[in-house]
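What's counted below: heavy atoms across the whole structure, side chains too, no hydrogens, waters or symmetry copies. Everything quoted here is computed from the prediction, not taken from an experiment.
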Amino acid sequence: MAAVTLALGGCQPPPAPPPPPAGRWAPAPGTTWQWQLTGAVDVTVDAAVFDVDGFTTPAATVRELHARGRKVICYISVGSAEDFRPDAHRWPPAVLGRPLPGWPGERWLDIRDPERLAPVLRPRLDMCRDKGFDGVEPDIMDAYRHDTGFPLTAAHQLAFNRWIAREAHARGLAAGLKNDLDQVPALVADFDFAVNEECAAYAECAALTPFVAAGKAVFHAEYDLDPAAYCPATTRLGLSSIRKDRDLGPRLRRC
């Protein structure tokens, strides 16, 4: 496989924000991680951080990971409605947009007014807190770049993403920015870490360096590239890079 060229410039990091309040977790660059969203969580994987599904992971698993010295991130979708979730019936029909291509049973949400989504999203964040998670990975954070069925703008996305971060922080949870690379400079001060898919495949990893410059971890996963094609560059950038199968089961390869 040919090596992938990663863009290294073009993004000036902002001044480092103040540290998070005492008691809120703040992962540092280079922290090792595991991302498993399907199947029973393999708690024996050697990683400092586990990012797992908030609905299907019981509190007992979170406690077991904590007993092993791990931190645990709660994966939830905040920008889409998934018809297989137990709270799917609570979405108002008016906020449901077009289907997400390639994801049966999932539809975009109208994020222009977060309070219309709050009756579903706040209980989801409460669930993450009540199960004992340390942080949250809120997925689907760049809807404004897609054909959602709603006239979403970059300003709408910024406001919504900041609302999510505030709600997470209000519950003592660290908040991760998922993808949304174009808005990293504007949002790095609002989030405690970043989660990214395939920045190496798209030569976009340099866009995440403001998080590293601010002392915040970037949890990065590739699906199709061999680690030898991207690990040297992403390691230099300070990213926590792994290779995962697309089903996001327990198997991983770490840089």
Any salt bridge linking Asp245 with Arg253? Criterion: basic side-chain nitrogen under 4.0 Å from a carboxylate oxygen.
no
Stepwise, does the side-chain contact (heavy atoms from CB on, under 4.5 Å) test hold for Tyr144 with Gln183?
CA-CA 11 Å; Tyr144 79 103; Gln183 296 188 329; 3.7 Å; yes
Side-chain touch Asp42/Gln36, heavy atoms, less than 4.5 angstrom
yes
Nearest-0.5 Å distance that lies between atom CZ in Arg124 and atom CG in Leu117
10.0 Å
For a salt bridge (Lys or Arg N to Asp or Glu O under 4.0 Å) check, start with the C-alpha distance between Arg246 and Asp224, then their side-chain angles and the critical distance, and finish with the verdict.
CA-CA 9 Å; Arg246 288 186 179 272; Asp224 300 322; 2.6 Å; yes
When rounded to the nearest 0.5 Å, the distance separating SG of Cys74 from CG of Asp53 is 7.5 Å
Set of residues satisfying side-chain contact (heavy atoms from CB on, under 4.5 Å) with respect to Asp110, sequence neighbours excluded
Val95, Arg112, Arg116, Phe150, Leu152
Ring pair (Phe, Tyr, Trp, His ring centres under 6.0 Å) for Phe193 and Phe211? Distances and angles first, verdict last.
CA-CA 7 Å; Phe193 60 92; Phe211 273 93; 8.4 Å; no
Yes or no on side-chain contact (heavy atoms from CB on, under 4.5 Å) for Leu252 and Arg243, after CA distance, side-chain angles and deciding distance?
CA-CA 6 Å; Leu252 86 159; Arg243 189 193 187 281; over 6 Å; no
Connected via hydrophobic side-chain network under 4.5 Å: Leu100 and Val195
no
side-chain contact (heavy atoms from CB on, under 4.5 Å) for Phe133 and Met127? Distances and angles first, verdict last.
CA-CA 9 Å; Phe133 284 94; Met127 171 188 69; over 6 Å; no
Minimal non-hydrogen separation, Val45 against Arg70, with atom names:
O-NH2, 3.7 Å
Side-chain contact, heavy-atom cut-off 4.5 Å: Phe191 with His169?
no
Is any side-chain N of the basic residue among Arg90 and Asp87 closer than 4.0 Å to the acidic one's carboxylate O?
no
Closer than 4.0 angstrom, basic N to acidic O: yes or no for Asp147 and Arg98?
yes
Would you give the length of the straight line joining atom CD1 of Ile111 to atom OG1 of Thr153, rounded to the nearest 0.5 angstrom?
8.0 Å
Min side-chain heavy-atom separation His146-Asp142 under 4.5 Å:
yes
For the residue pair Asn161 and Asp180, confirm or rule out a side-chain donor-acceptor distance under 3.5 Å.
yes
Flag side-chain contact, heavy atom, 4.5 Å: Met141 against Pro138
yes
Lys71, Arg24, Lys216 screened by salt bridge (charged side-chain N to carboxylate O under 4.0 Å, His left out) with Asp192, the one that passes:
Arg24
Partner of Phe50 under side chain to side chain contact (heavy atoms under 4.5 Å, CB included), chosen from Val62, Leu65, Thr61:
Leu65
Are Asp182 and Arg145 ion-paired here, with the side-chain N under 4.0 Å from a carboxylate O?
yes
Flag the pair Glu115 and Arg122 as a salt bridge only when some basic side-chain nitrogen lies within less than 4.0 angstrom of an acidic carboxylate oxygen.
yes
Checking the side chain of Thr31 only, and the main-chain atoms of Ala217 only, is there a donor and an acceptor separated by less than 3.5 Å?
no
Any side-chain heavy-atom pair of Trp35 and Val49 under 4.5 Å:
no
Could you check Thr56, Asp139, Thr57 and say which one makes a side-chain hydrogen bond (donor to acceptor under 3.5 Å, both in side chains) with Tyr75?
Asp139
Verify the distance criterion only: is there a donor paired with an acceptor across the side chains of Tyr223 and Glu197 at less than 3.5 Å?
yes
Nearest heavy-atom contact between Ala143 and Gln157 is N-OE1, 2.8 Å
Check against side-chain contact (heavy atoms from CB on, under 4.5 Å), His220 and Cys199
CA-CA 8 Å; His220 160 236; Cys199 71; 3.5 Å; yes
Heavy-atom side-chain proximity of Ile140 to Lys178 below 4.5 angstrom:
no
Could you measure the distance from the CD1 atom of Ile164 to the CG atom of Leu173? Nearest 0.5 Å is fine.
11.5 Å
Heavy-atom check, side chain of Val218 versus side chain of Cys205, under 4.5 Å
no
Rounded to the nearest 0.5 Å, what separation is found between the CG atom of Asp46 and the CZ atom of Arg254?
5.5 Å
Does any part of the side chain of Ser77, heavy atoms only, come nearer than 4.5 Å to the side chain of Glu106, both counted from C-beta?
yes
Between the CG atom in Leu125 and the CZ atom in Arg171, the distance rounded to the nearest 0.5 Å is 5.0 Å
Closest heavy-atom pair, Pro227 versus Pro232, reported as atoms and distance to 0.1 Å, is O-CD, 4.1 Å
Does Trp108 share a hydrophobic cluster with Leu121, counting links as ILVMFWY side-chain heavy atoms below 4.5 Å and allowing steps through other members?
no
Per side chain to side chain contact (heavy atoms under 4.5 Å, CB included), Phe219 is matched among Leu239, Ile73, Ile242 by Ile73
Quiz question: by atom type and distance under 3.5 Å, do the side chains of Asn196 and Asn179 form a donor-acceptor pair?
yes
Just to verify, what does His66 make a ring pair (Phe, Tyr, Trp, His ring centres under 6.0 Å) with, not counting sequence neighbours?
none
